[in-house]
Amino acid sequence: MSDDAAPWLIVGLGNPGAEYAGNRHNIGFMVVDLLAERMRGKFKAHKARAQVVEGRMGPPGPANRRVVLAKPMSFMNLSGGPVTALRDFYKVPLERIVAVHDELDIDYPTLRLKLGGGDNGHNGLKSMTKSIGPDYHRVRCGIGRPPGRMQVADFVLKDFSSTERKELDWFVDRAADAVECLITEGLERAQSAYNS
């Protein structure tokens, strides 16, 4: 079983660089950015090719958790390398790793939390699963499917539409709440509160 002193590793999946910042594919980065803000932490470069914030999350007392927020700086399809290096550096058990990512098969702005599963064609998850196995938590942020004949790659690397942006702050906020609930109260509680 996991060592109680071990931190949780919350990985926001995305692509580094200003040109990707508002992309649908970068919602994982947006969520961990908000969590860092809530923890009053600043991201710092880590030798694992990631930006990290270390801190605590949750109410004072037994539910207060040590967490490491991370944004891999390797580009999405190579996320597994930095995640593995961070896991080893911080000695994080697999069941305390959480990936926050965009999900095509869920409508915008819908959240679903789960433990384990496939990668559904998501390159960030594919890379993580190849590196650490599939049994980590996922906070899946629905972005829906591309309209018409638009290619998936083009769709995920576009910024949220002006209509979507009206709900984006609320959606990112809710996803951040779901992450906090998952690590302080457990998966079942978080699923019943946030899965829609």
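Every value quoted in this text rests on a predicted model; they were computed, and no experiment measured them. Numbering of residues begins at 1 and proceeds along the displayed sequence.
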| query | side chain to side chain contact (heavy atoms under 4.5 Å, CB included) between Met57 and Leu35: does it pass, once the steps are laid out? | reply | CA-CA 9 Å; Met57 190 180 283; Leu35 287 166; 3.8 Å; yes
Specify the closest pair of heavy atoms between [X] and [Y], including all atoms of both residues, with the distance to one decimal.
X: Gly144; Y: Phe155; answer: O-CE2, 3.3 Å
X: Ala175; Y: Cys141; answer: CB-SG, 4.1 Å
X: Met150; Y: Asp154; answer: CG-CB, 4.1 Å
X: Val32; Y: Ala70; answer: CG2-O, 4.2 Å
X: Leu78; Y: Ser74; answer: O-OG, 3.2 Å
X: Met39; Y: Gly55; answer: CE-CA, 3.6 Å

Has the side chain of [X] got a donor or acceptor atom that lies under 3.5 Å from a matching backbone atom of [Y]?
X: Ser79; Y: Gly124; value: no
X: Asn195; Y: Leu113; value: yes
X: Asp119; Y: Gly121; value: yes
X: Arg149; Y: Pro146; value: no

Answer yes when [X] and [Y] have at least one side-chain N-carboxylate O distance shorter than 4.0 Å, and no when they do not.
X: Asp33; Y: Arg38; answer: no
X: Arg140; Y: Asp102; answer: no
X: Glu54; Y: Arg66; answer: no

| Does the pair Val179 and Val100 meet the rule for a side chain to side chain contact (heavy atoms under 4.5 Å, CB included), with working shown? | CA-CA 8 Å; Val179 170; Val100 184; 3.9 Å; yes
How far does [atom1] of [X] sit from [atom2] of [Y], to the nearest 0.5 angstrom?
X: Lys71; Y: Asn26; atom1: NZ; atom2: CG; value: 9.0 Å
X: Lys130; Y: Ile132; atom1: NZ; atom2: CD1; value: 14.0 Å
X: Lys91; Y: Leu86; atom1: NZ; atom2: CG; value: 12.5 Å
X: Met73; Y: Phe29; atom1: CE; atom2: CZ; value: 4.0 Å
X: Ser192; Y: Glu185; atom1: OG; atom2: CD; value: 9.0 Å
X: Leu182; Y: Arg138; atom1: CG; atom2: CZ; value: 12.5 Å

Does the side chain of [Y] come within less than 4.5 Å of [X]'s, by heavy atoms?
X: His137; Y: Leu187; result: yes
X: Ile27; Y: Leu168; result: yes
X: Val31; Y: Val139; result: no

| request: Go through the steps for Arg112 and Gln191 under the test side chain to side chain contact (heavy atoms under 4.5 Å, CB included), then give the verdict. | output: CA-CA 7 Å; Arg112 299 250 171 82; Gln191 284 174 324; over 6 Å; no
Check the hydrophobic clustering (I, L, V, M, F, W, Y; side-chain heavy atoms under 4.5 Å; chains of links allowed) and say if [X] and [Y] are grouped together.
X: Val92; Y: Val68; result: yes
X: Met128; Y: Val98; result: no
X: Val67; Y: Phe43; result: yes
X: Val53; Y: Val172; result: yes
X: Phe75; Y: Val83; result: no

| request: Output, in order, the C-alpha distance, side-chain angles, deciding distance and verdict of salt bridge (charged side-chain N to carboxylate O under 4.0 Å, His left out) for Glu164 and Arg24. | output: CA-CA 10 Å; Glu164 287 169 334; Arg24 293 183 178 93; 3.0 Å; yes
Side-chain atoms of residues 10-20: list all donor-acceptor pairs with protein atoms under 3.5 Å, sequence neighbours left out, distances to 0.1 Å.
from  : atom 1 : to    : atom 2 : distance (Å)
Asn15 : OD1    : Met76 : N      : 2.8

| field | Parallel, tilted or perpendicular: rings of Phe160 and Tyr108 (30°, 60°) | value |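 Judged by the thresholds at 30° and 60°, the geometry between Tyr108 and Phe160 is tilted.
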| request: Examine Arg174 relative to Tyr194 and say whether NZ or CZ is less than 6.0 Å from the centre of the six-membered ring and inside a 45° cone about the ring axis. | output: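 Judged by the rule, Arg174 and Tyr194 form no cation-pi pair.
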| Sub-6.0 Å ring centroid separation between His46 and Tyr90 |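 Yes - the distance between ring centres of His46 and Tyr90 falls below the 6.0 Å cut-off.
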| said: Which residue is it: Leu125, Leu115, Leu9? I am looking for the one with a side-chain contact (heavy atoms from CB on, under 4.5 Å) to Tyr136. | reply: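 Among Leu125, Leu115, Leu9, the one that satisfies the side-chain contact (heavy atoms from CB on, under 4.5 Å) with Tyr136 is Leu125.
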| task | Using the test side chain to side chain donor-acceptor pair (under 3.5 Å), find all partners of Asn123 that sit at least two apart in sequence or belong to another chain. | result |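 Partners of Asn123 under the side chain to side chain donor-acceptor pair (under 3.5 Å) test: none.
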| query | Going by distance alone, is a donor N or O of one side chain under 3.5 Å from an acceptor N or O of the other, for Asn64 and Arg56? | reply |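 Side-chain D/A pair, Asn64 to Arg56: present.
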| request: Evaluate the side chain to side chain contact (heavy atoms under 4.5 Å, CB included) criterion for residues Phe171 and Thr110: first the C-alpha distance (whole Å), next the side-chain angles of each, then the deciding distance (0.1 Å), finally the verdict. | output: CA-CA 8 Å; Phe171 190 32; Thr110 304; 5.7 Å; no
| request: Using the salt bridge (charged side-chain N to carboxylate O under 4.0 Å, His left out) rule, collect all pairs that involve residues 42-53, keeping only residues at least two apart or in two chains. | output: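 For residues 42-53, and leaving out neighbouring residues, there are no salt bridge (charged side-chain N to carboxylate O under 4.0 Å, His left out) pairs at all.
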